Amino acid sequence: MRLSQLFFATLRDDPSDAEMPSHRLLLRAGYLRQLGSGIYSLLPLGFRVSQRVEQVIREEMDRIGTQEMEMPVVHPAELWKESGRYFKIGPELVRFKDRGERDMVLAMTHEEVVASLLRDIVKSYRQLPMMVYHFQTKFRDEPRSRGGLIRVREFVMKDAYSCDRDDAGLDRSYRLQYAAYERIFKRLGLEAIAVGADVGIMGGSGAHEFMVINEFGEDTLVLCDACGFADNQQIAMVGKPDPEPEDALPMEDVETPDATTIEALATFLGVPRSRTAKAAFFVTGDGRFIVAIVRGDYDVNETKLVNTVKARGGLRPATVEEIKARGMEAGYGSPLGARDAVVVVDELVVRSPNLVAGANRVGWHVRNVNVPRDYTPDHVAEITNARAGDPCPNCGTPVTLRQGIEVGNIFKLGTDFANSIGAFYLGEDGERHPVVMGSYGIGLGRNVACIVEAHHDDKGIAWPDEVAPYAAHLVTISAAKDPRVAEIADRLHALAAEAGRDILYDDRDESPGVKFTDAELLGMPWIVTISPRSLAAGGAEITRRATGDRRSVPLETLEGWLREGFAIPSDGPQAGASL
RNA sequence: CGGGGUGUGGCGUAGUUGGUAACGCACGUGCUUUGGGAGCACGAGAUCGUCGGUUCGAGUCCGACCACCCCGACCA
């Protein structure tokens, strides 16, 4: 591909609204353009990377016997009503009517379609197990997109679905996918770690998220360096040691003007935050009022809270009026005297004696509150976030917290979709059974961005060989001065094209500075320079983009590599080699 | 949806007390230049996010709206 013909433009200045390196570089190097919030066009270079990522995923899916197919982006809403997700999912599911006034949705994912296909096609246990996948556009009207390709509203995802006779079969499929994911991320040049994850709205019995560590990551990971324990903070259960035992003292009102936060309360009373109880108020999607009590030195974990109270439709913060209506006072709240509320208490609170809690009166708290002596919980469970330094549940070593980006996930769905959509098969036993499903997703664009996050320097991108849009970037210098330069470069370019592996060829009449700077920004793994100087030194100069290692190569040798698709031998340019 | 911010040519920006838009990069033409974002000359490109208001006159002042970005909420 001649750069003079390529549909792209490099930018000298950073676009002002790009913060992450991947976003900045993909924009500056001409891989990407934004159309709207969370909506992007992939320019030819970006599309080639995406296709190469896709091909890696395809090969690994095929390798474990997953069959490629394609399912639609627009679905009749009927199907989503059958699964119930039409009612459970909020505005991120785009709904509209077609010309016939029929309710339609834009696909966020494809479990319903797979289940409906199973309903039509799978009749017998002999047809199972079976796995399918496709690469397809998803649309999710995210409340807030961010970070370039990291969180978008429209994106292409590889989603795979396993279909098994029973849980044992699901476990087997899940392990196959897990292993395939490890191979995929390794080939993509990503150091992904699998963490235990919440099953969320997908339901089901287990899930892992594949995460790459990144300071811009939206998820918090709880990691143990000693034993390898890794969970998303949403579900990480860490032990909390027993507080010092004390005799329960009688409750005692204490005036606490303006102490509406734990911080202010602890300061005002001169006690550590661990001697206070924090109340948080929520309303579930099904209309129940929840008051959650955690110790003042911990934060409420909403995922755990949702799972504890089995909240359908999630949680939203309660309004001040709703809190008052239950006999409580925001800022001075506790279950003391509360009514019509589901009281959920963190298990550590039960073990912690004589805490300061809200009096449900403005300006007042109560000392020496003890559970269950002073109020009765409806649920006692761990509903707090793990903190850095808390003991690992496996080995007791203090855990660390890191931010991560989810590059892939795998879910054990179970039988919910099959049951609701009606995907049953006849077993060997002659009985009807629901198909047991699993769901496995990888977002292409997000992976492209994460590859750049992991493979760049201050000059630009440095693609791993496996995903580079072109294997090499051919640069000519002083072509106007020495006719041999263009002649040789043209020949090398043609040779690569004939060998079926196009290379990028900067045939523009630009100054050397522009050409080298662009080559480093664009990030092909090999930069090949043809110039009067390189010819005098014996042929071409080749530079490994990632390391900067550089050496002179005879033209015949280079031609040989190009015929092999620029398969440079592993003993290519060595560090320290010079012209 | 709450908080903060930004909208001026493709990108980055300037624009004073209100007087009809400027600079760098990129772009076109010509000449020179060619191993690290070249030089000179000429040139094209903006109804200043939109609508309304104040004013003789609005990029600038006022109001509403829209878009985008950041933090939070949210996130199969």
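In the text below, chain A, chain B and the rest are named by the order of the sequence lines, each starting its count at 1. Here the structure is a predicted model, which means the values were calculated and not measured.
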Quiz item: Taking only residues two or more places apart in sequence, or in another chain, which ones meet A/Glu19 in a side chain to side chain contact (heavy atoms under 4.5 Å, CB included)?
Solution: none
Quiz item: Rounded to the Å, how far apart are A/Phe7 CZ and B/rG10 P?
Solution: 14 Å
Quiz item: Taking CD from A/Glu218 and C1' from B/rC74, how many angstroms apart are they, rounded to a whole number?
Solution: 10 Å
Practice problem: Using atom CD of A/Gln34 as one end and atom C1' of B/rG7 as the other, report the distance to the nearest whole Å. | Solution: 14 Å
Practice problem: Sequence neighbours left out, what passes side chain to side chain donor-acceptor pair (under 3.5 Å) with A/Arg28? Give chain and number order. | Solution: none
Quiz prompt | Distance between P atoms of B/rC68 and B/rU34 (Å, rounded) | solution = 48 Å
Quiz item: Expressed in whole Å, how much space separates the C1' atoms belonging to B/rA67 and B/rU50?
Solution: 10 Å
Quiz item: For B/rC69, does OP1 or OP2 lie under 4.0 Å from any side-chain N or O of A/Ser37?
Solution: yes
Practice problem: Tell which nucleotide pairs with B/rC42, taking only Watson-Crick or G-U wobble pairs whose two distances are both under 3.5 angstrom. | Solution: B/rG28
Exercise. Could you check which nucleotide pairs with B/rU34 in any of the strands shown, counting Watson-Crick or G-U wobble with both distances under 3.5 Å?
Key: none
Practice problem: Write down the distance separating the C1' atoms in B/rC23 and B/rG15, rounded off to the nearest Å. | Solution: 10 Å
Practice problem: Considering only atom P, compute the distance from B/rG49 to B/rG9 and round it to an integer number of Å. | Solution: 8 Å
Quiz prompt | Residue pairs passing the salt bridge (charged side-chain N to carboxylate O under 4.0 Å, His left out) test where at least one lies in residues 515-530 of chain A, sequence neighbours excluded | solution = A/Arg508-A/Asp518
Quiz item: Quick one: A/Lys459 NZ to B/rG36 C1', roughly how many Å, whole number?
Solution: 9 Å
Self-check item: With A/Val74 via side chain to side chain contact (heavy atoms under 4.5 Å, CB included) - residues at least two apart
Solution: A/Phe96, A/Met104, A/Leu106
Quiz item: Counting only heavy atoms not in A/Lys81, do more than 12 sit closer than 6.0 Å to its NZ atom?
Solution: yes
Quiz item: Mind checking who B/rA58 pairs with, Watson-Crick or G-U wobble, both distances under 3.5 Å?
Solution: none
Self-check item: A/Leu149 CG to B/rC69 C1', straight-line distance once rounded to whole Å
Solution: 16 Å
Quiz item: Using the P atom in both, what is the distance from B/rG7 to B/rC75, to the nearest Å?
Solution: 33 Å
Quiz item: Across all strands shown, which nucleotide pairs with B/rG63 by Watson-Crick or G-U wobble geometry, both distances under 3.5 Å?
Solution: B/rC51
Quiz item: Contact class for A/Glu406 vs. all strands (heavy atom < 4.0 Å): base, sugar-phosphate, or nothing?
Solution: nothing
Quiz prompt | Evaluation steps, ring pair (Phe, Tyr, Trp, His ring centres under 6.0 Å), between A/Phe210 and A/Tyr178 | solution = CA-CA 9 Å; A/Phe210 286 79; A/Tyr178 189 112; 5.3 Å; yes
Nucleotides 37-41 of chain B: which of its N/O atoms have a protein N/O under 3.5 Å away?
residue : atom : partner  : partner atom : Å
B/rG37  : O2'  : A/Arg12  : NH1          : 2.6
B/rG37  : O2'  : A/Arg12  : NH2          : 2.7
B/rG37  : O6   : A/Arg28  : NH2          : 2.9
B/rA38  : OP2  : A/Ser511 : OG           : 3.1

Quiz item: Checking all strands, does A/Phe155 fall into the base, sugar-phosphate, or nothing category for heavy-atom contacts under 4.0 angstrom?
Solution: base
Practice problem: Report the nucleotide, chosen from B/rC75, B/rG12, B/rG35, that has the shortest atom-to-atom distance to any side-chain atom of A/Arg550. | Solution: B/rG35
Self-check item: Between A/Asn409 and A/Tyr181: side-chain donor-acceptor atoms closer than 3.5 Å
Solution: no
Please list, pair by pair, any protein nitrogen or oxygen found under 3.5 Å from a nitrogen or oxygen in nucleotides 70-72 of chain B.
residue : atom : partner  : partner atom : Å
B/rC70  : OP1  : A/Gly147 : N            : 3.3
B/rC71  : OP2  : A/Arg144 : NH2          : 2.0
B/rG72  : N7   : A/Arg144 : NH1          : 3.4

Exercise. Please name all residues satisfying side chain to side chain donor-acceptor pair (under 3.5 Å) with A/Ser478, sequence neighbours left out, ordered by chain then number.
Key: none
Quiz item: Please give, in whole Å, the distance from B/rC74 P to A/Glu142 CD?
Solution: 13 Å
Quiz item: If the P atom of B/rG10 is compared with that of B/rC1, how far apart are they to the nearest Å?
Solution: 30 Å
Quiz item: Rounded to whole angstrom units, what separation is found between the CG atom of A/Asn301 and the C1' atom of B/rC74?
Solution: 15 Å
Quiz prompt | A/Glu510 side chain, from C-beta outward: closest of B/rC69, B/rC27, B/rG35 | solution = B/rC27
Self-check item: Closest-nucleotide ordering on RNA chain B, the 5'-leading residue of A/Gly38 and A/Pro317
Solution: A/Gly38
Quiz item: Mapping A/Lys481 and A/Gln234 onto RNA chain B by nearest heavy atom, which one lands closer to the 5' end?
Solution: A/Lys481
Exercise. Please identify each residue that fulfils side chain to side chain donor-acceptor pair (under 3.5 Å) with A/Gln403, with sequence neighbours left out.
Key: A/Thr220
Quiz item: Any Lys/Arg nitrogen of A/Lys138 or A/Asp159 sitting under 4.0 Å from an Asp/Glu carboxylate oxygen of the other?
Solution: yes
Quiz item: Using the P atom in both, what is the distance from B/rC56 to B/rA14, to the nearest Å?
Solution: 32 Å
Practice problem: Quickly work out the A/Leu27 CG to B/rC69 C1' distance and round it to whole Å. | Solution: 13 Å
Practice problem: Please indicate whether A/Asp286 has more than 12 foreign heavy atoms, meaning atoms of other residues, nucleotides or ligands, lying under 6.0 Å from its CG. | Solution: yes
Quiz item: Residues two or more places apart in sequence or in another chain: which of them pass side chain to side chain donor-acceptor pair (under 3.5 Å) with A/Glu209?
Solution: A/Asn232
Quiz item: Quick one: does A/Asp13 reach the base of B/rG24 with a side-chain donor-acceptor pair under 3.5 Å?
Solution: yes
Self-check item: P atoms of B/rG5 and B/rC48, separation to the nearest Å
Solution: 25 Å
Practice problem: Answer with base, sugar-phosphate or nothing: what part of the nucleic acid does A/Met157 contact at a heavy-atom distance below 4.0 Å? | Solution: base
Practice problem: Would you indicate which nucleotide in B/rG10, B/rC74, B/rG35 comes nearest to any side-chain atom of A/Arg33? | Solution: B/rG10
